[in-house]
Protein chains: 2
Amino acid sequence: MRNLVPFVKAMKKPPRADAQRNLDSLLEAAKAVFAESGVDAPVREIASRAGVGIATVYRHFPQRAELIAAVYRREIDACAAAAQALAREHEPFEALTRWLHRFTSLIATKRGLAASLNAQDPAYQAVPAYFREHLEPALQSLLGAAAAAGRVRNDVDAYELLRGIGSLCIPVSEVGPGYTRRMVDLLIDGLRYGARAAP
Amino acid sequence: MRNLVPFVKAMKKPPRADAQRNLDSLLEAAKAVFAESGVDAPVREIASRAGVGIATVYRHFPQRAELIAAVYRREIDACAAAAQALAREHEPFEALTRWLHRFTSLIATKRGLAASLNAQDPAYQAVPAYFREHLEPALQSLLGAAAAAGRVRNDVDAYELLRGIGSLCIPVSEVGPGYTRRMVDLLIDGLRYGARAAP
DNA sequence: TCAGTACCGGAACAACGTTCCGTATAACCC
DNA sequence: GGGTTATACGGAACGTTGTTCCGGTACTGA
């Protein structure tokens with residue numbers, strides 16, 4: 001039988017029951033508050049909705065960005081996972097555009113998420129980091145496949161494209177509905193301009 | 001001789017000499033502070049640099065956006081004026097791209113300006129308004145000429161393009177130098193995709 | 001049941017935008 | 001030049017946020 005000591009050492013004690021309860025209601029409250037007031041909602045509002053003190057929020061999430069990432073983790077992971085399915089079911093360019101549109105609505109439908117993704121404030125830095133870590137590989141492969149098929153140019157960096165679309169998802173005043181979609185499509189058409197089949 | 005009364009009535013009294021002095025040092029101070037700390041710099045910092053009280057700032061510029069617009073008014077106007085010269089000296093598509101790049105650097109080189117251009121806070125609303133009023137007509141004519149020449153598609157709205165580029169100018173972390181330029185060029189290539197000569 | 005400690009809540013501090021009001025002074029008239 | 005008035009001034013004060021600190025609470029394990 002293998003020596004279990006290293007595993008036992010690596011295991012950390014489970015958190016206290018009340019701490020876990022608080023964490024759960026915190027995530028639930030944050031999700032609700034983010035939905036109705038945007039991700040910049042005051043910490044106090046999230047805390048009071050969760051029925052906990054302010055310090056409890058900071059104890060679990062020293063940086064606001066970690067809370068944001070935790071709330072949207074599932075959706076981000078699902079978006080990343082969708083890339084493989086799309087690649088199987090569609091030809092490369094179609095898969096790419098469908099995924100980019102999915103990514104767009106992931107970001108654009110959460111009020112303030114796009115803005116926080118692009119914020120300079122160091123408290124938000126973990127948000128783009130989480131996005132990069134999970135979504136860049138997904139886009140990378142779709143982009144590579146479409147380029148190999150000669151449907152898009154091959155000189156565009158996946159992460160930069162991710163950030164560019166993220167910027168275009170920031171809501172803007174005085175524009176008609178569908179603005180974000182039109183701009184993202186324009187960027188996608190830019191990908192197609194000058195595409196050449198691989199030699 | 002024409003009746004001068006309506007004109008006299010329309011003329012407003014010149015401001016008090018000290019008020020004008022304060023306005024001047026305020027603009028100068030704001031320009032300096034914006035350059036070194038970005039356009040989000042605290043009002044107190046601008047006031048103290050100008051040697052005036054906080055209330056004086058608010059008296060002249062009730063909305064922060066008005067101060068921003070006032071500081072950059074000259075550069076915005078110059079950018080608008082450049083459109084005509086470019087249209088004279090270059091063929092339509094070349095004129096369009098040169099102008100878009102000029103617009104890009106106007107925005108991207110002022111720290112925080114792009115972000116304030118896209119902010120949702122109503123206190124910043126006058127910034128996009130000023131940009132729209134002065135720059136949309138300029139872009140409109142360049143875009144129309146390039147579309148008429150069949151060099152770019154004709155289904156893109158000038159104001160939306162302005163806002164899209166504005167969003168892409170928001171600085172982003174973890175990307176290499178030239179990111180903004182690459183994204184703007186990608187958008188421009190999108191304009192070219194599917195262009196048809198006018199019938 | 002009881003000790004020890006992990007965890008809690010809210011007061012407290014700092015930074016900022018914004019408003020208010022008593023005071024100072026430039027402009028005008030005589 | 002001197003007095004009067006409207007204009008403009010400055011900074012204190014208030015409300016809202018992010019963030020930290022600390023005295024107290026209550027869960028866990030024996």
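Any value given below was found using the heavy atoms of this structure, including those in side chains, with hydrogens, waters and symmetry copies removed. Chain identifiers are assigned alphabetically (A, B, ...) following the order of the sequence lines, protein sequences preceding nucleic acid strands; residue numbering begins at 1 within each chain.
The list of salt bridge (Lys or Arg N to Asp or Glu O under 4.0 Å) pairs with a residue in residues 110-129 of chain B, not counting sequence neighbours, reads B:E75-B:K110. Counting only residues at least two apart or in different chains, salt bridge (Lys or Arg N to Asp or Glu O under 4.0 Å) contacts with residues 80-97 of chain A comprise A:E91-A:R151, A:E94-A:R98. Listed by first then second residue, pairs satisfying side chain to side chain donor-acceptor pair (under 3.5 Å) with a partner in residues 25-34 of chain B number zero, not counting sequence neighbours.
In this structure, A:H90 contributes its side chain and A:L86 its backbone to no donor-acceptor pair below 3.5 Å. Checked by atom type and distance alone, the side chain of B:R73 never pairs as donor or acceptor with a backbone atom of B:Y130 at under 3.5 Å.
Of the residues in residues 121-130 of chain B, none has a non-hydrogen atom less than 4.0 angstrom from any atom of DNA chain D. Contact check of residues 43-50 of chain A against DNA chain D (heavy atom, cut-off under 4.0 Å) returns A:V43, A:R44. Non-hydrogen atoms lying under 4.0 Å from DNA chain D are contributed by B:N22, all within residues 22-38 of chain B.
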Side-chain atoms of residues 55-65 of chain A: list all donor-acceptor pairs with protein atoms under 3.5 Å, sequence neighbours left out, distances to 0.1 Å.
unit_1 : atom_1 : unit_2 : atom_2 : d
A:R64  : NH1    : A:V39  : O      : 2.6
A:R64  : NH1    : A:A41  : O      : 3.1
A:R64  : NH2    : A:A41  : O      : 3.0

Which atom pairs, donor and acceptor, lie under 3.5 Å between side-chain atoms of residues 136-143 of chain B and protein residues at least two apart or in another chain?
unit_1 : atom_1 : unit_2 : atom_2 : d
B:E136 : OE1    : B:R132 : NE     : 2.9
B:S141 : OG     : B:A138 : O      : 3.0

Give me the distances for all protein-to-nucleotides 22-26 of chain C N/O pairs that come in under 3.5 Å?
unit_1 : atom_1 : unit_2 : atom_2 : d
C:dT25 : O2     : B:R16  : NH1    : 3.4

Report each atom pair, protein N/O against N/O of nucleotides 22-24 of chain D, whose distance is under 3.5 angstrom.
none

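Residue A:H60 contributes atom NE2, which lies 8 Å from atom P of C:dC7 at whole-angstrom precision.
The ring-ring contact (aromatic ring centres under 6.0 Å, His included) search around B:Y179 returns none, not counting sequence neighbours.
Direction of the helix axis in the helix from C:dT1-D:dA30 to C:dC30-D:dG1 shifts by 10° between the two five-pair termini, rounded to 10°.
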